[in-house]
Amino acid sequence: MSPDHPPGLDLDRLRGLLERERPGLVTGPLTGRLVEGGRSNLTYLVGDGTQQWVVRRPPLGHVLATAHDMKREHRVISALHPTKVPVPEPVLLCEDEEVLGAPFYVMEFVEGTPYRTAEQLAPLGPERTRQAVLSLVDTLVELHAVDPAEVGLGDFGRPEGFLDRQLRRWGKQLDASRNRELPGIDELHAALGRELPSSPAPTIVHGDYRLDNVLIGADDEIKAVLDWEMSTLGDPLTDLGLLVMYSRPLQLPDSPVSTTAQAPGHPAPRELIERYAARSGRDVSAVAWYTAFAWFKLAVILEGIHYRYTLGQTVGRGFDRIGELVPVFIEHGLTTLQEG
């Protein structure tokens with residue numbers, strides 16, 4: 001495959017579709033390259049020499065329809081685009097698998113940086129780092145303030161019994177990838193089940209809300225929130241719990257899983273929680289449960305990756321060290337619940 005024709009992206013067919021559906025949008029021959037790929041959906045950057053767009057499609061090969069629902073991602077960004085929540089403008093959704101071999105959607109390209117590690121954040125300096133992370137909280141408050149029914153997302157999920165279902169779902173995930181002793185994980189799962197909090201009124205939930213899923217512009221403003229594949233209607237505090245989890249230093253040198261928490265100026269979890277509470281007006285007294293649940297969920301995800309690694313199903317650097325992280329996440333989960 002030439003770099004201009006990456007696997008999974010037929011540029012001639014894509015151009016034909018865009019010319020039919022959005023006449024006048026494309027003004028020259030298309031080029032494209034894969035920006036991100038792997039276990040999750042594939043992201044391509046496509047341009048015609050004057051403008052650029054982003055194409056999102058499921059991974060190549062067999063995928064579970066529910067795990068990579070393009071229609072779902074396109075629907076949520078279309079609904080949120082007119083609101084204060086910054087998302088890329090959707091261009092079109094294509095459910096015809098004849099075009100690229102799978103459903104896909106096209107959206108505008110947004111200029112910005114996804115900060116994935118403390119090392120990437122460090123050059124911003126403490127004050128700009130602090131502002132970027134606080135903006136992340138403010139944007140989350142904006143998301144949770146959107147009335148789902150008003151933007152056409154009233155039926156976007158089943159908020160009734162949301163936490164109970166989530167806990168069961170991740171328990172099943174754990175059972176599906178269990179091939180070694182993991183001290184404390186059953187204890188953590190059981191404790192979460194015993195202390196299930198009462199959810200506040202449901203909101204649109206992102207499902208994977210963290211710094212490396214947003215694009216930050218040169219002015220340090222959040223330009224776009226990306227990766228909506230886990231979004232649904234549910235308990236907003238699950239998003240806050242995950243954000244708090246990612247704001248705790250892991251104290252693991254060279255870890256293949258990183259948080260940005262060690263960057264100078266990064267606000268402490270307590271400040272993020274207090275800012276969210278003040279701006280959203282929500283009761284956050286049970287935030288320890290949601291944070292412990294985030295540690296549990298990540299432990300299960302990492303164990304799944306470790307399990308596939310032991311079966312020889314993963315390629316790339318760092319996979320050999322994922323297994324040793326899992327006990328750390330379990331320990332953090334248990335400690336968080338006890339402290340809470």
Side-chain angles (χ1 to χ4, degrees), residues 133 136-137 140 144 159 161-178 181-200 202-203 205-213 230 232 234-252 255 257-262 266-277 280 282-306 322-340:
V133 178
L136 197 60
V137 177
L140 187 61
H144 293 164
F162 177 75
L163 289 183
D164 186 46
R165 254 196 338 274
Q166 283 277 308
L167 200 54
R168 280 208 309 270
R169 178 188 156 194
W170 289 101
K172 280 185 186 153
Q173 285 285 107
L174 173 64
D175 291 338
S177 54
R178 218 185 248 268
E181 279 297 307
L182 282 175
I185 199 153
D186 292 317
E187 186 191 332
L188 177 56
H189 189 225
L192 287 165
R194 279 195 307 275
E195 297 170 33
L196 210 66
S198 303
S199 289
T203 68
V205 170
H206 181 276
D208 194 16
Y209 193 77
R210 52 202 165 107
L211 199 57
D212 64 346
N213 277 338
M230 311 276 278
T232 187
D235 187 327
L237 298 178
T238 52
D239 277 343
L240 179 64
L242 191 74
L243 189 55
V244 170
M245 188 216 87
Y246 275 111
S247 303
R248 280 280 302 270
L250 275 180
Q251 313 293 11
L252 295 170
S255 158
V257 173
S258 63
T259 72
T260 52
Q262 266 129 331
H266 195 294
R270 174 56 43 205
E271 187 178 358
L272 303 183
I273 294 162
E274 284 167 4
R275 189 176 181 101
Y276 179 88
S280 69
R282 282 190 186 84
D283 174 6
V284 296
S285 55
V287 72
W289 186 94
Y290 293 92
T291 310
F293 175 59
W295 287 113
F296 172 72
K297 200 165 97 167
L298 260 287
V300 173
I301 289 168
L302 294 173
E303 188 59 20
I305 297 169
H306 171 71
I322 293 276
E324 67 201 49
L325 288 180
V326 180
V328 179
F329 279 69
I330 297 167
E331 187 53 45
H332 274 300
L334 287 166
T335 313
T336 304
L337 261 193
Q338 283 150 12
E339 288 167 357

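This structure is a prediction, so every number in the text was calculated from the model and none was measured. Values reported hereafter were calculated over all heavy atoms of this structure, with side chains retained and with hydrogens, waters and symmetry mates removed.
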Do [X] and [Y] have side chains that approach each other closer than 4.5 Å (heavy atoms only, starting at C-beta)?
X: Tyr276; Y: Leu140; answer: yes
X: Leu237; Y: Val287; answer: no
X: Pro200; Y: Asp235; answer: yes

Atom pair [atom1] ([X]) and [atom2] ([Y]), whose distance is rounded to the nearest 0.5 Å:
X: His144; Y: Arg282; atom1: NE2; atom2: CZ; result: 6.5 Å
X: Gln173; Y: Phe296; atom1: CD; atom2: CZ; result: 10.0 Å
X: Thr238; Y: Phe162; atom1: OG1; atom2: CZ; result: 4.5 Å
X: Asn213; Y: Met230; atom1: CG; atom2: CE; result: 10.0 Å
X: Thr232; Y: His206; atom1: OG1; atom2: NE2; result: 12.5 Å
X: Leu136; Y: Leu243; atom1: CG; atom2: CG; result: 5.0 Å

Please name the pair of heavy atoms, one in [X] and one in [Y], separated by the smallest distance, quoted to 0.1 Å.
X: Leu272; Y: Ser247; value: CD1-OG, 3.0 Å
X: Pro197; Y: Ala286; value: CB-CB, 4.0 Å
X: Ala294; Y: Gly241; value: CB-O, 3.8 Å
X: Thr291; Y: Thr336; value: CB-CG2, 3.9 Å
X: Val326; Y: Ala299; value: CG1-O, 3.8 Å
X: Trp170; Y: Val300; value: O-CG1, 3.7 Å

Give the intermediate values and the outcome of side chain to side chain contact (heavy atoms under 4.5 Å, CB included) for residues Leu337 and Leu192. CA-CA 8 Å; Leu337 261 193; Leu192 287 165; 4.1 Å; yes
Verdict with supporting geometry, Met245 and Phe329, side chain to side chain contact (heavy atoms under 4.5 Å, CB included): CA-CA 10 Å; Met245 188 216 87; Phe329 279 69; 4.2 Å; yes
What residues form a side chain to side chain contact (heavy atoms under 4.5 Å, CB included) with His332, not counting sequence neighbours?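 Only Arg248, Leu250, Trp295, Val328 meet the side chain to side chain contact (heavy atoms under 4.5 Å, CB included) criterion with His332.
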Test salt bridge (charged side-chain N to carboxylate O under 4.0 Å, His left out) applied to Lys172 and Asp175, step by step: CA-CA 5 Å; Lys172 280 185 186 153; Asp175 291 338; over 6 Å; no
Just do the side chain to side chain contact (heavy atoms under 4.5 Å, CB included) check on Leu167 and Phe293 with the steps written out, would you? CA-CA 8 Å; Leu167 200 54; Phe293 175 59; 3.8 Å; yes
Please step through side chain to side chain contact (heavy atoms under 4.5 Å, CB included) for the pair Glu303 and Leu182, ending with a clear verdict. CA-CA 9 Å; Glu303 188 59 20; Leu182 282 175; 3.6 Å; yes
